[in-house]
Amino acid sequence: MGEKSQFWEAVVMRIHGSLNILPISMQIRAPMYASCHYKLNGGTIRMIQAFIFDMDGVLIDSEPLHFAGDIDTMKHLGEEITQEELERFVGTTNPEMWAIIRAERGLSQTVEEIIAYQLAGKIKALEESAYEPIDGIPELLEELKRRGIPVGLASSSAREFILAVLAKFGIASYFSCVVSGEEVARGKPAPDVYLEAARQLGADPRGCVVLEDSRNGILAAKAAGMTCIGYVNENSGNQDLSAADRVVRSIREIAAIAL
């Protein structure tokens, strides 16, 4: 059995637990599951109910922008911070990150004041930049659309920044739902943002595939009971992707694995 088949057999077996619905000799062909309902033992199931993207470091190579913006914000506050110190926060929300930094550094400004300065600077930098989607993203979105697989976005970024990215790239129409980690009770690595995306998509979390680039994001997806593909983005810092079901170094690998 090929590597791709083994990966998707593992996905199916995890989704259906101990039902043992697959013959041992069956070799999974991803397009059969991605593009249609499939009959097994008299029941109708759909293997991939939805595909959910993280945004930063997945749709857009924005972590350098975030690091630069956060370093600039700290300078504005009269403090110094390094990218290495910020890497632990990749995948977490702004309020969570700044609450921790504020407490650790004894900053006098409120979290809301800090975020207002930071977010305005990041959106301005985004609008003035030549950023394009990460290589392979437009093709992957188009393939998901062609196969009729619902697509969601679950990002730790503020909704204002998410919408600015989608507008800049002209890809908002591909997404049936957009959820910010600031709109749920707990940010990544808690599963809340992914569970809310699945709810809005009308999908069973066990039938969702997630694309993530950070340790916190992968832990969130796995805690939600979803299959997670880890994307190695060197600009996202030193991220432990070992909890992912599969790790890729190019977005273009995903269509070959999952669709």
Side-chain angles (χ1 to χ4, degrees), residues 52-77 79-105 107 111 114-115 117-119 121-123 125-126 129-137 153-158 161-162 164-165 168-169 180-182 186-191 193-194 210-224 226 228-254:
I52 306 175
F53 289 83
D54 174 41
M55 186 182 76
D56 295 297
V58 172
L59 294 182
I60 176 175
D61 196 8
S62 54
E63 294 302 350
L65 182 151
H66 287 299
F67 288 138
D70 296 340
I71 290 170
D72 174 72
T73 299
M74 288 295 282
K75 287 181 179 178
H76 174 73
L77 300 173
E79 295 280 336
E80 297 290 331
I81 196 166
T82 66
Q83 177 175 320
E84 289 70 28
E85 291 175 286
L86 290 167
E87 285 179 359
R88 63 176 166 143
F89 298 111
V90 173
T92 62
T93 66
N94 263 339
E96 290 170 322
M97 180 183 80
W98 288 112
I100 293 171
I101 293 175
R102 181 176 182 271
E104 290 178 347
R105 299 295 185 95
L107 301 175
V111 169
I114 296 170
I115 291 175
Y117 176 88
Q118 174 223 38
L119 186 57
K122 287 183 178 180
I123 291 178
L126 173 70
S129 74
Y131 271 111
E132 295 182 354
I134 286 178
D135 181 60
I137 285 295
L153 192 156
S155 171
S156 292
S157 282
F161 188 77
I162 295 171
V165 170
K168 184 176 183 65
F169 293 163
S180 165
E182 297 181 12
R186 302 172 298 169
K188 302 173 186 179
V193 69
Y194 280 117
V210 169
L211 178 57
E212 265 285 358
D213 72 312
S214 73
R215 174 183 179 274
N216 288 321
I218 290 170
L219 292 177
K222 297 305 296 178
M226 299 178 180
C228 187
I229 300 172
Y231 168 55
V232 179
N233 185 330
E234 294 181 359
N235 287 328
S236 296
N238 185 23
Q239 298 295 318
D240 178 6
L241 308 183
S242 60
D245 296 282
R246 180 70 179 264
V247 175
V248 299
R249 293 186 173 273
S250 168
I251 301 298
R252 294 184 181 277
E253 294 178 48
I254 296 169

Evaluate the side chain to side chain contact (heavy atoms under 4.5 Å, CB included) criterion for residues Tyr231 and Leu241: first the C-alpha distance (whole Å), next the side-chain angles of each, then the deciding distance (0.1 Å), finally the verdict.
-> CA-CA 8 Å; Tyr231 168 55; Leu241 308 183; 5.9 Å; no
Roughly how far, to the nearest 0.5 Å, is [atom2] of [Y] from [atom1] of [X]?
| X | Y | atom1 | atom2 | result |
| --- | --- | --- | --- | --- |
| Tyr131 | Leu126 | OH | CG | 8.0 Å |
| Ile123 | Lys168 | CD1 | NZ | 12.5 Å |
| Lys122 | Ser129 | NZ | OG | 13.5 Å |
| Asn238 | Arg88 | CG | CZ | 14.5 Å |
| Asp72 | Tyr117 | CG | OH | 4.0 Å |
| Ile71 | Gln118 | CD1 | CD | 12.0 Å |

Determine whether a donor-acceptor pair (N or O, by modelled atom type, separation under 3.5 Å) exists between the side chain of [X] and the backbone of [Y].
| X | Y | result |
| --- | --- | --- |
| Gln239 | Arg215 | yes |
| Ser156 | Gly91 | yes |
| Ser62 | Leu65 | no |

Within a strict 4.5 Å, meaning less than it, do heavy atoms of the [X] and [Y] side chains meet?
| X | Y | value |
| --- | --- | --- |
| Ile115 | Thr73 | no |
| Asp213 | Asp54 | yes |
| Glu63 | Asn233 | no |
| Val247 | Val232 | yes |
| Asp70 | Trp98 | yes |
| Phe67 | Val90 | yes |
| Ile254 | Leu211 | yes |
| Ile101 | Leu86 | yes |

Using 4.0 Å as the upper bound for N to carboxylate O, is an ion pair formed by Lys188 and Glu182?
->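 No, this pair does not count.
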Full working for side chain to side chain contact (heavy atoms under 4.5 Å, CB included) between Ile52 and Met226 | CA-CA 10 Å; Ile52 306 175; Met226 299 178 180; 4.0 Å; yes
Take atom [atom1] in [X]; do more than 12 heavy atoms of anything else shown fall under 6.0 Å from it?
| X | atom1 | result |
| --- | --- | --- |
| Gln83 | CD | yes |
| Arg105 | CZ | yes |
| Glu79 | CD | yes |

Answer with yes or no after comparing the ring centroid distance for His66 and Phe89 against a 6.0 Å cut-off, counting only values under it.
->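 No, the ring centres sit 6.0 Å or more apart.
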Which heavy atom in [X] sits nearest to a heavy atom in [Y], and how many Å separate them?
| X | Y | value |
| --- | --- | --- |
| Ala220 | Ala190 | CB-O, 3.2 Å |
| Ala243 | Leu219 | CB-CD2, 4.3 Å |
| Lys222 | Cys228 | CD-CB, 4.0 Å |
| Ile162 | Ser157 | CD1-O, 3.5 Å |
| Ala223 | Pro189 | CB-O, 4.5 Å |

Report the residues that fulfil side-chain hydrogen bond (donor to acceptor under 3.5 Å, both in side chains) with Ser180, sequence neighbours left out, ordered by chain and then residue number.
->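 Listed in chain order: nothing, the list is empty.
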Which residues satisfy the side-chain hydrogen bond (donor to acceptor under 3.5 Å, both in side chains) test with Ser155, sequence neighbours excluded?
->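 Residues passing side-chain hydrogen bond (donor to acceptor under 3.5 Å, both in side chains) with Ser155: none at all.
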Would you sort out whether Asn216 and Ser214 count as a side chain to side chain donor-acceptor pair (under 3.5 Å), showing the intermediate values?
-> CA-CA 5 Å; Asn216 288 321; Ser214 73; 5.6 Å; no
Output, in order, the C-alpha distance, side-chain angles, deciding distance and verdict of side chain to side chain donor-acceptor pair (under 3.5 Å) for Thr82 and Glu85.
-> CA-CA 5 Å; Thr82 66; Glu85 291 175 286; 3.1 Å; yes
Before giving the answer on side chain to side chain contact (heavy atoms under 4.5 Å, CB included), spell out for Met74 and Glu80 the whole-Å C-alpha distance, their side-chain angles and the decisive distance to 0.1 Å.
-> CA-CA 6 Å; Met74 288 295 282; Glu80 297 290 331; over 6 Å; no
In sequence, state the C-alpha distance, the side-chain angles, and the governing distance for Val210 and Ile229, and then conclude on side chain to side chain contact (heavy atoms under 4.5 Å, CB included).
-> CA-CA 6 Å; Val210 169; Ile229 300 172; over 6 Å; no
Do Glu96 and Thr93 meet the criterion of a side-chain donor-acceptor pair at a distance under 3.5 Å?
->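 Per modelled atom types, Glu96 and Thr93 side chains form a pair under 3.5 Å.
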